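Beneath this line is the structure, given in structure tokens, with notes to follow.
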Amino acid sequence: ISIDDLKRDYDAVVMSIGLQLSRSARIPGSNAPGAENAIDLLRRFTNGEEISVPEKVVVIGAGNVAMDIARTMARLQKVKYGRVGTTISARKDISMFRDDKEEIEEAQEEGIEIFQLRSPQEMMLHQDGERAGEIRALRSWKVIPGWDEKGRFDPSYEQDDLEIPADMIVEATGQQADLELLSKYLVEALEWNRGYMKTDAMGRTSVPWLWAGGDAVNGPDVISAVADGHRIAESVNAFLTAGREAIG
């Protein structure tokens, strides 16, 4: 069933597709063996697939997904090696993390080290030997917190080139919707807000027959997603009712 089929057969369509893909920082080395994205790695683990468990893992990110994959890898390391070798590297300090305070404390109790205020610059690779071309470390710069005139996080950086040893680096720097189901004309017709679908207060997009809500509009937030459902239902009902009244 394509988007064109839905447009043809229905007066209103509601899209709440979520965020299925990882968003990459696209730093040098991110395509090398040992570079992973958190969403894919968690999906493979949940499906019972065998995943690599190296001795040193660095997770880039400060959200729930970053904490989930860090704790997953730490527990697998504990089983395989009897010790934890997982580190979290985040652009913000712990007070700005999206995770619950308890989860952060529990991660540290499990032996996960957290490097705060670090901006990833490069996934460094082995240059020779049997592991040439594979991940060997994450190079990062110190983040100096700052905010713009709209109150958004807008830091500056100190080039101190800290290297955190790693055999695997996992990116958990954000999520994005899988837009392959959308036709090219629809992607171009929709209005976007930093990669998220832009809607009005009632969830209607810039395409008259299409409403959108949930993570693909607001980012990961289940409370907003539930509220979107109520608003969109009301808006679609009003739209359909007005159409029936016009016909009758």
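Every value quoted in this text rests on a predicted model; they were computed, and no experiment measured them. One-based numbering along the sequence shown.
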- Ile17/Asp215 under side-chain contact (heavy atoms from CB on, under 4.5 Å): CA gap, chis, key distance, verdict: CA-CA 8 Å; Ile17 57 176; Asp215 294 354; over 6 Å; no
- Message: Pair Val217, Asn193 - check side-chain contact (heavy atoms from CB on, under 4.5 Å), show working.
- Response: CA-CA 8 Å; Val217 173; Asn193 179 23; over 6 Å; no
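- Contacts of Arg75 classified as salt bridge (Lys or Arg N to Asp or Glu O under 4.0 Å), with partners at least two apart in sequence or in another chain: Glu110.
- Under the ring-ring contact (aromatic ring centres under 6.0 Å, His included) criterion, no residue pair touches residues 96-133, with sequence neighbours excluded.
- Using modelled atom types, one side-chain atom of Gln127 and one backbone atom of Leu125 make a donor-acceptor pair closer than 3.5 Å.
- Applying the side-chain hydrogen bond (donor to acceptor under 3.5 Å, both in side chains) criterion to Asn31, with sequence neighbours excluded, gives no partner residue.
- Qualifying salt bridge (Lys or Arg N to Asp or Glu O under 4.0 Å) partners for Asp167, counting only residues two or more places apart in sequence or in other chains: Arg131.
- A search for side-chain hydrogen bond (donor to acceptor under 3.5 Å, both in side chains) contacts involving Ser2 returns Asp5, not counting sequence neighbours.
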Return all side-chain donor-acceptor pairs below 3.5 angstrom for residues 52-67, not counting sequence neighbours, or 'none' if the list is empty.
from  : atom 1 : to    : atom 2 : distance (Å)
Glu55 : OE1    : Arg83 : NH2    : 2.4

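- Between atom OG of residue Ser206 and atom CD of residue Glu191 there is a gap of 4.5 Å, rounded to the nearest 0.5 Å.
- For Asp160, the salt bridge (Lys or Arg N to Asp or Glu O under 4.0 Å) partners are Arg118, not counting sequence neighbours.
- A 4.5 Å side-chain heavy-atom check between Tyr157 and Val143 finds at least one atom pair inside the cut-off.
- Atom CD1 of Ile27 is separated from atom CE of Met124 by 11.0 Å, given to the nearest 0.5 angstrom.
- A salt bridge does not link Arg8 to Asp4: none of the charged side-chain nitrogens sits closer than 4.0 Å to a carboxylate oxygen.
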- Full working for side-chain contact (heavy atoms from CB on, under 4.5 Å) between Met168 and Met73: CA-CA 10 Å; Met168 174 190 288; Met73 297 306 297; 4.1 Å; yes
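- Atom CG of Asp128 has 12 or fewer heavy atoms from other residues, nucleotides or ligands within 6.0 Å.
- Contact of the Ile94 side chain with the Lys101 side chain is not registered, since no non-hydrogen atoms from C-beta on lie closer than 4.5 Å.
- A salt bridge is defined here as a Lys NZ or Arg NE, NH1 or NH2 lying under 4.0 Å from an Asp or Glu carboxylate O, and Asp200 with Arg204 fails to meet this definition.
- Here Asn218 pairs with Asp228 under the side-chain hydrogen bond (donor to acceptor under 3.5 Å, both in side chains) rule; sequence neighbours left out.
- Each of Ile69, Thr72, Asp68 was scored for a side chain to side chain contact (heavy atoms under 4.5 Å, CB included) with Leu41, with one residue passing: Ile69.
- Annotation: ring-ring contact (aromatic ring centres under 6.0 Å, His included) contacts of Phe153 (sequence neighbours excluded): Trp147.
- Between Trp141 and Arg91, the closest side-chain pair of non-hydrogen atoms is not below 4.5 Å.
- Applying the salt bridge (charged side-chain N to carboxylate O under 4.0 Å, His left out) test between Arg71 and each of Glu105, Glu106, Glu109 identifies Glu106 as the sole match.
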- Item | Criterion side-chain contact (heavy atoms from CB on, under 4.5 Å) on Gln116 and Lys92, from CA distance to verdict | CA-CA 6 Å; Gln116 308 172 58; Lys92 300 178 180 179; over 6 Å; no
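- You'll find the side chain of Val170 stays beyond 4.5 Å of the side chain of Asn37, heavy atoms only.
- Shown here is Glu49, whose CD atom has more than 12 heavy atoms of other residues, nucleotides or ligands within 6.0 Å.
- Ser95 OG to Ile104 CD1: the interatomic distance, rounded to the nearest 0.5 Å, is 9.0 Å.
- The closest side-chain heavy-atom distance from Ile135 to Pro33 is not below 4.5 Å.
- By the salt bridge (Lys or Arg N to Asp or Glu O under 4.0 Å) test, Asp161 is found to be paired with Arg139, residues two or more places apart in sequence or in another chain being considered.
- Glu171 and Ser30 share no side-chain donor-acceptor pair at under 3.5 Å.
- Evaluation of the ring-ring contact (aromatic ring centres under 6.0 Å, His included) test over residues 205-228, restricted to residues two or more places apart or in two chains, returns Trp211-Phe239.
- By the side-chain hydrogen bond (donor to acceptor under 3.5 Å, both in side chains) test, Arg136 is found to be paired with Glu163, residues two or more places apart in sequence or in another chain being considered.
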